[in-house]
Amino acid sequence: MAREKILKHEQWSGGRGFIWAAAGSAVGLGNIWKFPYMAGENGGGAFVLVYLLCIVLIGVPIMLAETMIGRHAQKNPISAFRSMSSALGASPAWGAVGWMGVLTGFLILSFYSVVAGWALAYAWKAASGDFVNLGATQASEQFNSLLSNPWQLLAWHSLFMFLCWLVVARGVRSGIEWVVRWMMPLLLLLLLSLVVYAAWLGEFSKGLGFLLNPQFSDLTRSSVLMALGQAFFTLSLGMGAIMVYGSYLSPRESIGGLTGAIIGVDTVVALMAGMAIFPIVFAIGLEPQAGPGLVFQTLPYVFGQMPAGGLFGFLFFLLIVFAALTSGISLLEPATAYLVESRAWRRGKAAAVLGLVVWLIGIACLLSFNYWSDLYLLGFIQALDGKSIFDLLDGLTSNILLPLGGLGIAIFAGWKMSAAVTADELRLGAAYGLWRFLIRYVSPVLVVLVLLSSLGILRT
Ligand code: TRP
């Protein structure tokens with residue numbers, strides 16, 4: 001392809017740069033904001049169990065595959081699928097997996113940025129003393145009043161998108177790697193101290209029991225779909241984010257060890273977030289089914305009660321912002337890398353144009369909390385009636401688009417690429433046979449089964 005000339009391709013400073021960046025991408029609102037409320041709505045332990053199964057049987061093999069494809073091609077996801085499929089004599093239609101990933105990334109980032117904006121707003125609130133002696137009902141009211149104010153939502157959403165642009169525009173090493181290297185350790189430290197605090201103050205055993213005790217009666221077909229979607233979402237799989245990060249990895253590094261570390265950190269952080277939040281939820285008598293507002297309605301109350309809660313609350317919400325930022329940049333990077341490498345755009349301009357598109361979709365999303373809260377775009381489909389634009393963006397991407405992208409990646413890695421190439425790239429030793437079995441049979445079949453059953457949900 002004549003126009004597809006590769007201008008430059010940056011690399012991480014080493015394997016650690018990749019670990020921090022990929023862990024930064026994985027650990028985000030998905031762990032701290034989404035996982036606790038989804039577990040809360042879907043029966044706690046039963047949901048956690050299905051989620052962990054999805055991580056092991058689908059997440060691990062697909063993350064290895066994504067990293068491997070990116071590293072092997074040394075290109076952004078769109079160009080990687082194009083050039084590899086032509087080299088393998090496979091259909092050029094494989095490029096569609098890359099394009100779908102770019103679209104998915106836009107849609108995710110548009111609602112992600114709105115929620116990250118809530119965290120920014122809350123960091124501000126904490127710092128200005130809004131949490132001091134806040135009652136539990138007042139904490140809920142505070143959240144609802146933020147949602148009903150589109151101008152505030154817009155301001156914070158815009159600020160977050162600007163931050164994403166700032167980092168991505170600076171490039172792989174001096175932007176992305178620089179940010180994740182100092183934000184991620186800080187985040188882990190603060191989360192740990194919050195768990196300790198929750199254990200000391202809250203109903204720790206009740207919270208832990210909720211997270212670990214499976215209530216299978218609460219587990220519906222749609223909870224299984226959501227557990228699958230959450231596994232993709234939390235590991236940043238299925239849209240090329242990990243692939244593009246893998247493409248900045250040197251051939252010397254061993255993919256297996258790096259991937260294991262990333263998945264380990266992500267899973268521990270999700271469970272820790274649950275352990276920090278549920279004890280508090282029970283201690284203040286909130287329902288674990290509070291939905292997307294869970295974190296924003298529980299924690300301010302706690303910070304309001306504790307000494308130096310303003311400072312601690314500020315730090316905590318700031319760190320949610322960091323977690324969101326290190327994820328948000330990975331949603332913008334695949335498309336940016338494509339424009340830079342294959343269309344010869346300047347990085348700053350590419351990130352700005354893409355960011356602007358995301359910003360616009362984000363506006364529709366934030367309006368769905370106030371002016372457009374009664375607008376159900378897909379209301380003619382029975383199961384989607386009553387779903388706002390925000391709900392639709394979230395559900396469509398996590399539960400449909402990411403699993404579809406992951407399916408494409410699994411089939412490409414397991415059936416199109418030769419065993420010789422993948423074995424050489426992954427260097428998994430004795431575990432290689434297991435990976436190949438999982439990626440060829442187990443992961444794709446499970447994804448298809450869950451997706452098909454979700455069609456059933458749509459019909460009923
Ligand atoms: N994994 C992030 C989280 O849990 C979100 C995210 C970042 C993501 N990049 C992604 C999700 C790519 C899917 C695909 O918050």
Side-chain angles (χ1 to χ4, degrees), residues 20-39 51 54-55 58-59 62-63 65-67 70 76-77 97-98 100-119 160 164 167-168 176 179-180 183-184 187 191 226-246 259 262-263 265-274 292 295 319-337 354 358 393-409:
W20 283 120
S25 166
V27 172
L29 297 173
N31 307 62
I32 303 171
W33 160 73
K34 211 172 174 197
F35 174 77
Y37 89 76
M38 293 192 91
Y51 161 82
C54 290
I55 297 275
I58 301 169
I62 293 186
M63 184 174 270
E66 259 205 66
T67 316
N76 64 81
V97 180
M100 189 174 76
V102 166
L103 171 75
T104 312
F106 282 7
L107 298 181
I108 295 181
L109 188 53
S110 66
F111 76 83
Y112 206 83
S113 168
V114 172
V115 178
W118 301 349
F160 184 78
C164 285
V167 178
V168 172
I176 300 175
V179 163
V180 296
M183 281 189 179
M184 287 304 291
L187 169 78
L191 191 59
M226 282 196 259
L228 174 79
Q230 175 64 7
F232 275 100
F233 187 88
T234 191
L235 294 177
S236 302
L237 296 178
M239 57 75 63
I242 295 296
M243 196 178 291
V244 80
Y245 280 7
T259 303
I262 295 156
I263 295 182
V265 169
D266 185 78
T267 308
V268 168
V269 170
L271 294 175
M272 270 168 62
V295 179
L319 286 164
I320 296 192
V321 172
F322 288 176
L325 185 62
T326 57
S327 301
I329 53 182
S330 77
L331 287 158
L332 207 53
E333 179 62 19
T336 307
L354 297 167
V358 172
L393 283 171
D394 180 13
L396 177 75
T397 51
S398 296
N399 300 343
I400 311 285
L401 291 175
L402 292 177
L404 276 181
L407 185 65
I409 289 163

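Everything numeric in this text was worked out from a predicted model, so none of it was measured. Note that ligands are numbered from 1 as they come in the structure, with each ligand's atoms numbered from 1 the same way.
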Note, Leu187 side chain near Phe322 side chain (heavy atom, < 4.5 Å):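 Leu187 vs Phe322: side chains apart.
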Quick one: look up the protein heavy atom nearest [atom] and list residue, atom name and how far away it is.
atom                    : value
atom 2 (C) of ligand 1  : Ser25 O, 3.1 Å
atom 4 (O) of ligand 1  : Ala26 O, 3.0 Å
atom 6 (C) of ligand 1  : Ser236 OG, 3.5 Å
atom 14 (C) of ligand 1 : Met239 CG, 3.2 Å

Under-4.0 Å heavy-atom contact with ligand 1, by part of Ile108 that carries it: side chain
Thr104, portion touching ligand 1 at heavy-atom distance under 4.0 Å: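 Looking at Thr104 and ligand 1, no heavy atom falls under 4.0 Å.
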With atoms numbered from 1 as shown, which atoms in ligand 1 lie under 4.0 angstrom from a non-hydrogen atom of [X]?
X      : result
Leu331 : 7 (C), 8 (C), 9 (N), 10 (C), 12 (C)
Ser330 : 7 (C), 9 (N)
Leu29  : 15 (O)

Any N/O pair Gly30/ligand 1 closer than 3.5 Å: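 Gly30 vs ligand 1: N/O contact under 3.5 Å present.
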Check against side-chain hydrogen bond (donor to acceptor under 3.5 Å, both in side chains), Lys34 and Ser398: CA-CA 11 Å; Lys34 211 172 174 197; Ser398 296; 2.9 Å; yes
Closest non-hydrogen atom pair, [X] against [Y]:
X      : Y      : value
Met239 : Pro334 : CE-CG, 4.0 Å
Ala324 : Tyr112 : O-CE2, 3.6 Å
Ile262 : Ala22  : CD1-CB, 3.4 Å

Ring geometry between Phe111 and Phe233 (parallel below 30°, tilted from 30 to 60°, perpendicular above 60°): parallel
Side-chain (Thr397) to main-chain (Leu393) donor-acceptor, under 3.5 angstrom: yes
Backbone of Ala241 reached by a side-chain donor or acceptor of Ser330 within 3.5 Å: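 Pair absent, no side-chain N/O of Ser330 close to backbone of Ala241.
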Phe35 to ligand 1, any heavy atom closer than 4.0 Å: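 Flag not set, Phe35 not near ligand 1.
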Proximity winner for atom 15 (O) of ligand 1, if only heavy atoms of Phe232, Phe233, Tyr245, Tyr112 are counted: Tyr112
